[in-house]
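All heavy atoms count here, side chains included; hydrogens, waters and symmetry mates do not. Throughout, a chain's letter reflects where its sequence line sits, starting with A, and its residues are numbered from 1. Source: prediction; values computed, not measured.
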Protein chains: 2
Amino acid sequence: MFKFLQQKVNDTISVSEEEFDYAKTLFLPKKLRKRRFILEEGEPCIYTTFVEKGLLRSYTIDEKGNEHILQFALEGWWSGDLYSFLTGEPSEYNIEALEDSELLLITKESWDQLLREVPAFERYFRILIQNNLIATQRRLMGTFSTTAEERYQKMLKEFPDVIQRVPLHMIASYLGVTRETLSRIRSQIASGS
Amino acid sequence: MFKFLQQKVNDTISVSEEEFDYAKTLFLPKKLRKRRFILEEGEPCIYTTFVEKGLLRSYTIDEKGNEHILQFALEGWWSGDLYSFLTGEPSEYNIEALEDSELLLITKESWDQLLREVPAFERYFRILIQNNLIATQRRLMGTFSTTAEERYQKMLKEFPDVIQRVPLHMIASYLGVTRETLSRIRSQIASGS
DNA sequence: AAATGAATGTGATCTATGTCACAGTTTCTA
DNA sequence: TAGAAACTGTGACATAGATCACATTCATTT
């Protein structure tokens with residue numbers, strides 16, 4: 001059950017068996033069925049989530065009712081609303097399973113404890129967040145400097161598995177365009193260049 | 001000279017005088033005149049920078065020659081290209097002083113050493129990066145869900161000092177619009193609503 | 001197996017923002 | 001202090017992408 005998490009953590013830093021055994025005690029396993037939510041807008045984000053199996057998405061809904069996807073989380077990824085998790089403030093995000101999923105949850109208290117007692121985890125999360133920041137900065141600059149088609153092509157290369165497993169209107173929402181626009185982009189790619 | 005950095009760090013975590021004295025030895029003070037660069041596209045980002053005084057901007061230039069500003073760094077902020085700094089790969093960013101500035105620089109080697117020897121700094125940077133990630137995620141979602149005018153109004157509230165000190169075409173570039181569009185938004189705000 | 005809802009495609013039209021061009025003003029700098 | 005950059009504004013026009021509307025196919029659920 002924790003094999004996958006352990007492997008992921010050890011890809012980044014080195015943690016002894018004892019340290020990891022301790023870490024295990026702080027996580028809560030949970031199964032989440034397709035179309036069920038682990039976080040809904042307005043409630044505080046109690047857990048940070050590691051995805052053992054399945055696929056989550058986190059998204060906001062704007063005043064017009066449009067969804068905007070912040071992140072897809074496949075196996076081996078983390079999910080949650082960092083701000084709400086840290087502050088206890090109500091979240092602006094919804095986190096939904098797009099497939100039947102198996103998750104490992106950790107509360108703020110346990111997380112604080114883990115970082116305090118096992119400094120290697122402080123380092124692990126620093127690196128995790130760092131890589132996330134780098135990727136998010138790139139995505140932001142990409143929305144300024146590239147067309148919707150270029151962003152779609154890039155996503156096809158970088159996350160082919162996400163594209164396979166997720167409906168197109170969600171890909172569109174992740175790219176920051178409407179489903180109609182993505183549909184036209186796709187038919188254009190299919191026909192011509 | 002290090003008073004400001006010390007204060008900033010102590011706002012977040014607590015570091016003893018001894019620890020901070022050690023940290024000081026790892027930073028290199030540098031003055032950078034207006035319009036001079038501390039990083040240019042194509043070269044590796046050798047330093048992460050703390051701004052003691054002045055104002056920096058980091059930006060990329062796309063294929064069409066348009067600039068896109070990732071960040072303004074005022075007094076008390078950090079600047080650099082995280083990816084290039086960590087990997088040694090050539091940077092895609094330029095970092096330029098918009099005013100005569102006083103900086104504290106730290107190399108990757110010294111930074112690694114600092115995080116290794118003073119765990120409080122590992123924590124400090126984790127929190128710093130975490131807050132940066134939260135802000136960047138918000139900015140990204142904002143570009144998807146709000147108009148250029150809304151983003152400008154929000155920036156006026158959040159960073160009035162940046163707006164005061166930076167030319168409008170750079171504000172436009174930060175917001176992801178052209179200078180002409182921002183100019184029209186401003187005259188519209190001035191006249192009507 | 002039927003029925004409901006989710007997902008996708010596509011045409012017609014609209015709009016926010018980009019592009020290009022020129023002019024006036026301010027700020028460096030030699 | 002003169003000349004050159006940098007900065008800002010504004011008009012005319014172009015365009016990527018949004019909106020709205022409808023049809024079809026696919027997947028779930030009872």
Enquirer: Please answer: with hydrophobic residues joined when any side-chain heavy atoms are less than 4.5 Å apart, are B/F4 and B/L74 in the same cluster?
Expert: no
Enquirer: How close or far is atom P of C/dA7 from atom CD of A/E67, stated in whole angstroms?
Expert: 10 Å
Enquirer: Looking at B/K34, does any N or O in its side chain come under 4.0 Å of the phosphate oxygens OP1/OP2 on C/dT27?
Expert: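 Checking C/dT27 against B/K34, no side-chain N or O comes under 4.0 Å of OP1 or OP2.
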Enquirer: Would you say B/T178 places a side-chain N or O within less than 4.0 Å of OP1 or OP2 belonging to C/dT17?
Expert: no
Enquirer: Ignoring hydrogens and angles, answer whether the base of C/dT19 and the side-chain atoms of B/R184 contain a donor-acceptor pair closer than 3.5 Å.
Expert: yes
Enquirer: Go through the side-chain N and O atoms of B/S14 and B/N10 and say whether any donor and acceptor fall under 3.5 Å apart.
Expert: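 B/N10 and B/S14 do not have a side-chain donor-acceptor pair below 3.5 Å.
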Enquirer: Output the rounded distance in Å from CD (A/E149) to P (D/dT15).
Expert: 17 Å
Enquirer: Using the side-chain heavy atoms of B/E180, tell me which of these nucleotides is nearest: D/dC20, D/dG17, C/dC20.
Expert: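 Nearest listed nucleotide: C/dC20.
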Enquirer: Establish, with yes or no, whether the OP1 or OP2 oxygen of D/dG9 is under 4.0 angstrom from a side-chain nitrogen or oxygen of B/S183.
Expert: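 True: B/S183 side-chain N/O within range (under 4.0 Å) of D/dG9 OP1/OP2.
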Enquirer: Just by distance, with hydrogens left out, do B/Q188 and B/R184 show a side-chain donor and acceptor under 3.5 Å apart?
Expert: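 Result is no, nothing qualifies.
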Enquirer: Can you see if the side chain of A/K64 gets near the phosphate of D/dT19 - specifically, an N or O under 4.0 Å from OP1 or OP2?
Expert: yes
Enquirer: Strictly below 4.0 Å, N to O, side chains only: are B/R123 and A/E122 in salt-bridge contact?
Expert: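 A/E122 and B/R123: salt-bridged.
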Enquirer: Please compare B/A148 and A/L182 by the position of their nearest nucleotide in DNA chain C and report the one closer to 5'.
Expert: A/L182
Enquirer: Choose from C/dA6, C/dA21, D/dG17 the nucleotide whose nearest atom is closest to any side-chain atom of A/R35.
Expert: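 Nearest listed nucleotide: C/dA6.
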Enquirer: With DNA chain C as reference, determine whether B/R33 or B/R179 sits nearer its 5' end, using the nearest nucleotide of each.
Expert: B/R179
Enquirer: What is the distance, rounded to the nearest whole Å, between atom CZ of B/R186 and atom P of D/dC7?
Expert: 14 Å
Enquirer: Under 3.5 Å, is there a donor-acceptor pair between the B/R186 and B/Y152 side chains?
Expert: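 A donor-acceptor contact under 3.5 Å links the two side chains.
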Enquirer: How many Å lie between NE2 on B/H169 and P on C/dT27, as a whole number?
Expert: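 One finds 14 Å between P of C/dT27 and NE2 of B/H169, rounded.
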Enquirer: What is the distance from CG of A/N66 to C1' of D/dG17, rounded to the nearest Å?
Expert: 13 Å
Enquirer: Taking CD1 from B/I185 and C1' from C/dT15, how many angstroms apart are they, rounded to a whole number?
Expert: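 It works out to 14 Å between those atoms.
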Enquirer: Can you identify which nucleotide, out of C/dT8, D/dG9, C/dT10, has its nearest atom closest to the B/L168 side chain?
Expert: D/dG9
Enquirer: Between atom CZ in B/F144 and atom C1' in C/dA16, what is the gap in whole Å?
Expert: 17 Å
Enquirer: Does a side-chain N or O from B/S187 land closer than 4.0 Å to OP1 or OP2 of D/dG9, or not?
Expert: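 Negative; the distance criterion is not met.
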Enquirer: Once you round it to whole Å, what is the distance between P of C/dT17 and NE2 of B/H68?
Expert: 16 Å
